[in-house]
Amino acid sequence: MALDLHENEKKWQQYWEKNSIYKFDRKSKKPVYSIDTPPPTVSGTMHMGHAFAFSQQDFIARYKKMRGFNVFHPIGFDNNGLATALMVEKKKKIKSKNFSREEFIKIVLEGTLEEEKKMIAAFKSIGISFDWTLLYRTIDKLARKTAQHSFLDLNRQERLYRKDAPTMWCPNCETAVAQAELEDKEIASTFNNIVFKTEKGKEIIIATTRPELLPACVAVFVHPTDGRYKDLVGKKLKVPLFDLWVPVKEDPRADPEKGTGIVMCCTFGDQTDMEWYYAHNLPLRMAITKDGRLNELGEKYRGQKIVNARKEIIEDLKKEGLLKEQKPIKHDVNVHERCKTEIEILPSKQWFVKYLDLKDEFIVKAEALQWVPPFMKARYDNWINGLQWDWSISRQRHYGVPFPVWYCKKCGEIIIAEEKDLPVDPLKDKPKKKCKCGSNEFIGEKDTLDTWFTSSLTPQINCRWVEDKAFFEKMFPMDLRPQGHDIIALWAFNTVVKALFHQQKLPWKTITINGWALDPKGKKMSKSLGNVVRPEEMIDKYCADALRYWAGLPVLGEDVPFMEKEMVSGRKFVTKLINASRFVIMATKDIKVGKIDKKKLLPEDKAILFDKYEFSKALNPTRNFFWLEFADFYIEEVKSRVYNDKGSSGKVAAAVLHEIAWKTLLLLSPFLSYATEEIAQTQFKSRLKEKSIHLESWPEADTSLIDEEAEKIGDAINKVVAEMRKKKTEARKPLNAPVKKAVVKIEDPKVLKEVEDVIKRTMSVKNLEVKKDKEFSVKIEF
RNA sequence: GGGCCUGUGGUCUAGUGGUAUGACGCUACCUUGACAUGGUAGAGACCGGGAGUUCAAUUCUCCCCAGGCCCACCA
């Protein structure tokens, strides 16, 4: 009778929930093991990547629980971001702009409940052991309060500053953009050879892809060793179309190989322009507005969008004979990852966290963190070494966590909110005191905090930093941060930064970096490629345990192509496990359970692997032991004993079967959490001490019972049986075909002495002769 | 351009200084009393390419090639 795996999984899911199997016990005296789960974006759908990464995390959580830890396994949903705002706007057919920030946050929190429900159901269906009573959202009151508290603390430490700084700016979203929000995009563009003129009227050709920045030109650079332009240095050049003269300067950052080897510097065309601006003390000529148009410096092109202005300027240059050549090129430009608009560099008032001075410390301190796999630390180091700007934390967005900040209308003084009033919304709330200039009128900060400013506080949110001091002291730092390698530079780094600032400690002891679930060809799964496989589909088609099995196969950190056939193997394994256990119970029905162990299961070896986060190395050998050794040989050999021999040897065999099957179940329970629960609850009730197999302790092997002699005997039986099977197969006979006579030649016949019976019964041999010979051989007669 | 990682039978993968593990697939045979979502057996790889170290390299070193991720550059 086949078991309905789906019904079965549902049944146990409900059972776990009803009995709060995964609830964190605040009162327990056991040591805590805590996990800082990545909060997935609320979208209503679970990705294969979620199923993959969370399953792996779950193996660890379940293992730790079995090892006697009080496991703290919380999860949050990320709804503090543009993606969520857009989703809610679309769903409700509203615009966030039409609501106050506070109202819109409320709308988001309520409007995403439906998506949350779907995701919760999905995570539950794969059997992830989250404690759902700990659920938080990255825009909820706790998160806002934590973020604002963090802001206040950084302010106390004089780590915050606000200044008019060249900022990477998205003219489409009209917001500042962080280094990490950039993306490369290859676009087609034109290299324009444009004529600048010397005072004497000599034509100097300068190549540029951005002629619309001519009105922002402040200098022209050549390489110091470039002989071609030596005599120009120090002179001035006339910018075409505009009444503008700029100096020619030397700088090694000008590449003689590129274009004509002479380059114009505009404030600001790119990052090099910015470096020159500082290095050569150049004037600031901003020709671009925040919405991506030319301003009054653009003269007749004023008000034009960047792309249009470029076109018109090129036309006018052509007309005046000032455009010598145009070369179509393809080049990579920085675009905003969300809207793919080219980034501009504009000065604007932004809040920054000062941290560039601590780069070395960030690297050195993180050495105390256990990185799994260890080489991932290099990516973190790389990122920090490449950092050039302080952390810009302002976003010109309506939706998000507000700054707890006002500005005095009269004197411009910055007023920071009081601790006890958090969380505040400066657009709605007012400072409690007058400004020191006596004014009572304030302007609330309209900007919101970079989402990473809040997301970098998940350990503080999980451990209730702003709500429960005693609890926080007990729980912080957390034990484990599992996350993807794509966000080492963002999430991992920012979280370390915050914890070092606030707690002067690392936020966790270990960080594990999981790989990605890819499509079968090794490509990233994405909607546009149409190669997305939904985990729910796979659960429906196979079962959740099969999906978990797949997630348990690869080495942590490896990207894994999703192969449906792995699901088939997973389900077969589940079936095999159930069937073999059923046999064990049948065979051992009326026999008292003994305490005999058998070789090679070695739970402590598996434990070491888990402790090293190498769970796949625990899963595979356990599976192989169970299937290839236990089921294929041991069960077969023991069958005849159990069925035919009701004497003492039968009892021993049955006891061994029972013992091994149970220990195997325990070892597999972190992976196949449903099947093992089913088997334990229905067939091994006598062994089960707790309400669930997932509350049982990790099995201990009684090493004193490992008997080398017995192992030798076991190996000899397996060898002989395998050979006899082969002979029968070669003779095209069924495996249970009776054998009249068999002759086994073996170097040490003594080892088979006691087990000749076993061989005879297993292989239906009537007469068995064992002879001594250096060469091992088996002959059979039918 | 820089950093990190990966490259083992058709596919995925284990592993080691002395030519290699397992799975899936494939072929043949077997309805044996837990399981045909099964069993047994078999074919199939000179471990990306080249050079070096060594008695010996898939395993160590260097170079190259391919793929991935991150960073930088991008007039």
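Chain letters run A, B, ... following the sequence lines, proteins first and then strands; every chain starts at 1. Since we're looking at a predicted model, the values are computed, not measured.
Under the Watson-Crick or G-U wobble criterion, with both distances below 3.5 Å, B:C69 is paired with B:G3. With a cut-off of 3.5 Å on both pairing distances, the Watson-Crick or G-U wobble partner of B:U11 is B:A23. Across all strands shown, the partner of B:U40 is B:A28, judged by Watson-Crick or G-U wobble contacts whose two distances both fall under 3.5 Å. For B:U53, there is no paired base (Watson-Crick or G-U wobble, both distances below 3.5 Å).
Remark: the separation of the C1' atoms in B:U31 and B:C26 is 22 Å, to the nearest Å. Rounded to a whole angstrom, the distance from the C1' atom of B:U54 to that of B:C65 is 26 Å. Here the separation of B:G49 from B:U11, taken at their P atoms, is 14 Å to the nearest Å. The separation of B:G22 from B:U16, taken at their P atoms, amounts to 16 Å, rounded to a whole angstrom. Taking atom C1' in both B:A56 and B:G17, the straight-line distance is 7 Å, to the nearest Å. The P atoms of B:G39 and B:A57 are separated by 40 Å, rounded to the nearest whole Å. Rounded to whole Å, the separation between the P atoms of B:G3 and B:G42 comes to 48 Å. For the C1' atoms, the distance from B:A66 to B:C30 is 45 Å, rounded to whole Å.
In this structure, A:K324 pairs ionically with A:E203, as a charged nitrogen and a carboxylate oxygen lie closer than 4.0 Å.
Residue A:F221 is out of contact with every strand shown, counting any heavy-atom pair closer than 4.0 Å. Contacts of A:K572 with the nucleic acid, taken as non-hydrogen atoms under 4.0 Å apart, involve only primed sugar atoms and P, OP1 or OP2. Across all strands shown, A:R379 has heavy atoms under 4.0 Å from base atoms, whether or not it also approaches the sugar-phosphate. Using a 4.0 Å heavy-atom distance criterion, A:W627 is classed as a sugar-phosphate-only contact. As judged by a 4.0 angstrom heavy-atom cut-off over every strand, A:A631 is placed among the base-contacting residues.
Rounded to whole Å, the distance from CD1 on A:I780 to P on B:U40 is 16 Å. Following rounding to the nearest Å, A:W276 (CH2) and B:C74 (P) show an atom-to-atom distance of 8 Å. The CD atom of A:Q683 sits 13 Å away from the P atom of B:A34 (whole-angstrom rounding). One can place CZ of A:R725 at 22 Å from P of B:A28, the figure rounded to the nearest angstrom. For A:W371 and B:C70, the CH2 to C1' distance is 13 Å, given to the nearest whole Å. Between the P atom of B:C4 and the CG atom of A:N385 lies a distance of 12 Å, rounded to the nearest Å. Regarding A:H485, its NE2 atom lies at a distance of 13 Å from the P atom of B:C71, rounded to whole Å. Distance, A:I488 CD1 to B:C4 C1': 10 Å, rounded to whole Å.
The side chain of A:A722 has B:A41 as its nearest neighbour among B:C5, B:A41, B:A34. With B:A34, B:C4, B:C24 as the candidates, the nucleotide lying closest to the side chain of A:A580 is B:A34. Comparing B:U37, B:U40, B:C35 against the side chain of A:T575 picks out B:U37 as the nearest. Which of B:C35, B:G2, B:A23 sits closest to the side chain of A:N382 comes down to B:G2. Counting only heavy atoms from C-beta on, A:M586 has its side chain closest to B:A34 among B:U40, B:C4, B:A34. Nearest nucleotide to the A:W383 side chain, out of B:C69, B:C71, B:A34: B:C71. For A:W516, whose side chain is taken as the heavy atoms from C-beta onward, the closest listed nucleotide among B:A34, B:C69, B:A23 is B:C69.
Each of A:S569 and A:K576 has a nearest nucleotide on RNA chain B; the 5'-most of these lies closest to A:S569. Residues A:F375 and A:Y549 each lie close to RNA chain B; by heavy-atom proximity, the contact nearer the 5' end of the strand is made by A:F375.
Here the CG atom belonging to A:L672 is positioned 11.5 Å from the CG atom belonging to A:L667, to the nearest 0.5 angstrom. Taking OH from A:Y674 and CZ from A:R548, the interatomic distance works out to 7.5 Å, rounded to the nearest 0.5 Å. The line from CG of A:L322 to CG of A:N192 is 12.0 Å long, rounded to the nearest 0.5 Å. Distance check, rounded to the nearest 0.5 Å: CD1 of A:I513 to CG of A:L556 gives 8.5 Å.
Under the 3.5 Å distance criterion, the side-chain polar atoms of A:D226 are left unmatched by any main-chain donor or acceptor of A:V222.
Between A:K728 and B:U32, a side-chain N or O to OP1/OP2 separation shorter than 4.0 Å is absent.
Heavy atoms only, all atoms of each residue included: A:F362 and A:F493 are closest at CD1-CE1, 3.8 Å. Taking each heavy atom of A:Q326 and A:I314 in turn, the nearest pair found is NE2-CG2, 3.5 Å.
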Show your working on side chain to side chain contact (heavy atoms under 4.5 Å, CB included) between A:K238 and A:F196 and close with a plain yes or no.
-> CA-CA 6 Å; A:K238 159 83 171 52; A:F196 281 53; over 6 Å; no
Using a cut-off of under 3.5 Å, enumerate the N/O to N/O pairs linking the protein to nucleotides 12-15 of chain B.
from, atom 1, to, atom 2, distance (Å)
B:G15, OP1, A:K617, NZ, 3.0

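Side-chain contact check for A:D251 and A:H223: no donor-acceptor pair (N or O, by modelled atom type) lies under 3.5 Å.
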